[in-house]
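Below, read A as the first sequence line, B as the second, and so on, with proteins coming before strands; counting in each chain starts at 1. Keep in mind the model is a prediction, meaning the values are calculated, not measured.
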There are 2 protein chains.
Amino acid sequence: MVLKSSERKHGDIAYAPSPLDGIREIPRLDQQLCFALYSAVNRVTRLYRPVLAALGLTYPQYLTMLALWERSPRTVGALGEALELDSGTLTPLLKRLEKQNLIVRRRDPADERRVMVELTEAGRALRARAAEVPASLACRIAMPPSDLMELRDRVTRFKHHLVDEADADCVSSAGVVAQSR
Amino acid sequence: MVLKSSERKHGDIAYAPSPLDGIREIPRLDQQLCFALYSAVNRVTRLYRPVLAALGLTYPQYLTMLALWERSPRTVGALGEALELDSGTLTPLLKRLEKQNLIVRRRDPADERRVMVELTEAGRALRARAAEVPASLACRIAMPPSDLMELRDRVTRFKHHLVDEADADCVSSAGVVAQSR
DNA sequence: ACATATTCATTCGTACACAATTTAATTGTC
DNA sequence: GACAATTAAATTGTGTACGAATGAATATGT
């Protein structure tokens, strides 16, 4: 019942042979960079959850508060740029923060299209309690700080190398997104 | 209206002073490793979206198919272990794949608690078309393969250093999860 | 001036992600 | 062989993520 599976496309991908029934192509799940990132983020979110629950926040809400603690009256668009989220994601998230009295949202009088998001007193006050979060998380990550910084810089560099628009030269660094060893 | 903000907790975090109104504590958003991971994954998912849409798959569905292409009759639990997802996430996802006729789900006769997930003919056939995905993605990531592999290994190592249970020694590598420069 | 285009946020629909709960089947223990 | 403990998925409820469509406000071109 096994497919023919001999359709080699155009020698475009370097891969290790699959252990299963002669079918080739596509690197294994555990060798793919993108899966590593994907599962790492899920795990990190799970790590943050109990710590942030004490503050009544989810991880994306915590990130939003971090952004607001940096600069407080801010438009939805500016927040979205900082967090790299679109307004369709932020609007309901901000409504939940508003329901918790951590922020207020109001139209910018100067430009009624914009919605200004601003910390409330309670929102600013939460910062003191949130100051313990990084330490709580750190004790759950048994890795030298230098390695963590190195990783952060590499992830950031990776982000900057993602081609947003379809410039599509598509010949350069062939199938190594999901690379084999 | 600015808060007192002079509540230094217990010299637990190394941080750079915030540019804003004297408030300290908590590293900036763009200096946090976890945010870098978080936003990188969102971007990667957006990159995959149009490519996978041609196959009728989302990114988590694609990962699930990758796992099944590696080993096909598999329990929901085994899939969840491979993908690091729980059944609450997997069950509806698998139902959608089943609706597309890519997989079938049936109870294991040997143990009626288990649900076996198996590729259909169409599911196996999809592999040939999916073989182009890594190359399509690679052309959107302008980075040397060696850097990508290095990053993958570092992310994987990072994952392995996350403390799942509350072993909580909590003194070692203080607040560097979200580190400052 | 004014029709057109653009911008900004909201709404809607689809699809994760996970904790907590529920249901069903199996295993241990006696 | 009954029955408590355990295990495996499914279900429920909350909260993201995002594309596409919507609608209101501002910018623009002639």
Subject >> Residue closer to the 5' end of DNA chain C, B/Glu112 versus A/Val76 (nearest nucleotide) >> reply: A/Val76

Original post:
Can you check the B/Gln61 CD to C/dA17 P distance for me, whole Å?
Top reply: 10 Å

Subject >> Rounded interatomic separation in angstrom, taking CG from B/Leu79 and C1' from D/dA10 >> reply: 16 Å

Original post:
What heavy-atom pair brings A/Tyr38 and B/Leu83 nearest, and what distance separates the two atoms?
Top reply: CE2-O, 4.4 Å

Original post:
What's the shortest heavy-atom distance between B/Ile141 and A/Leu162, and which atoms?
Top reply: CG1-CD2, 3.5 Å

Subject >> Sugar-phosphate only, base, or nothing, as touched by A/Arg96 at under 4.0 Å among non-hydrogen atoms >> reply: base

**OP:** Pick base, sugar-phosphate or nothing for B/Arg43, based on heavy-atom distances below 4.0 Å to the nucleic acid.
**Re:** nothing

**OP:** Report the distance from atom CG of A/Asp86 to atom P of D/dT16, rounded to the nearest whole Å.
**Re:** 14 Å

Subject >> B/Asp86 versus B/Thr89, side-chain donor and acceptor atoms under 3.5 Å >> reply: yes

Original post:
With a 4.0 Å cut-off on heavy atoms, is B/Leu90 in touch with a base, just the backbone sugar-phosphate, or nothing at all?
Top reply: nothing

Original post:
Which heavy-atom pair separates A/Gly88 from A/Pro92 by the least distance, and what is that distance?
Top reply: O-CD, 3.3 Å

Original post:
Rounded to whole angstroms, how far apart are OH on B/Tyr62 and C1' on C/dA15?
Top reply: 19 Å

Original post:
Looking at B/Lys95, does any N or O in its side chain come under 4.0 Å of the phosphate oxygens OP1/OP2 on C/dT14?
Top reply: no

Subject >> Spacing between A/Arg113 atom CZ and C/dT10 atom P, to the nearest angstrom >> reply: 14 Å

Original post:
Looking for any heavy atom pair under 4.0 Å, which part of the strands does B/Gly77 touch: base, sugar-phosphate only, or nothing?
Top reply: sugar-phosphate

Original post:
Do the side-chain N or O atoms of B/Thr75 get closer than 4.0 angstrom to the phosphate oxygens (OP1, OP2) of D/dA9?
Top reply: yes

Original post:
A/Tyr48 OH to C/dC18 P: how many Å, rounded?
Top reply: 16 Å

Original post:
Are B/Arg74 and B/Glu118 ion-paired here, with the side-chain N under 4.0 Å from a carboxylate O?
Top reply: no

**OP:** Return the value, rounded to whole Å, for the distance between atom CG of B/Leu93 and atom P of C/dC18.
**Re:** 12 Å

Original post:
Nearest to the side chain of A/Pro60, which nucleotide is it out of C/dC16, C/dA25, D/dT16?
Top reply: D/dT16

Original post:
On DNA chain D, nearest-nucleotide positions of B/Pro92 versus A/Leu85: which is more 5'?
Top reply: B/Pro92

**OP:** Give one of base, sugar-phosphate or nothing for B/Thr45, where a contact means two heavy atoms less than 4.0 Å apart.
**Re:** nothing

Original post:
Closest to the B/Thr91 side chain: C/dC16, D/dT11, D/dA17?
Top reply: D/dT11

Original post:
With the threshold set at 4.0 Å, does a side-chain nitrogen-carboxylate oxygen contact exist between B/Arg124 and B/Glu121?
Top reply: yes

Original post:
Mapping A/Arg105 and A/Asn42 onto DNA chain C by nearest heavy atom, which one lands closer to the 5' end?
Top reply: A/Arg105

Original post:
What is the nucleic acid contact for A/Ser87, judged by heavy atoms within less than 4.0 Å: base, sugar-phosphate only, or nothing?
Top reply: base

Subject >> Phosphate OP1/OP2 of C/dA17 contacted by A/Tyr59 side-chain N/O (<4.0 Å) >> reply: no

**OP:** Write down the distance between CZ (B/Arg107) and P (D/dA9), rounded to a whole number of angstrom.
**Re:** 8 Å

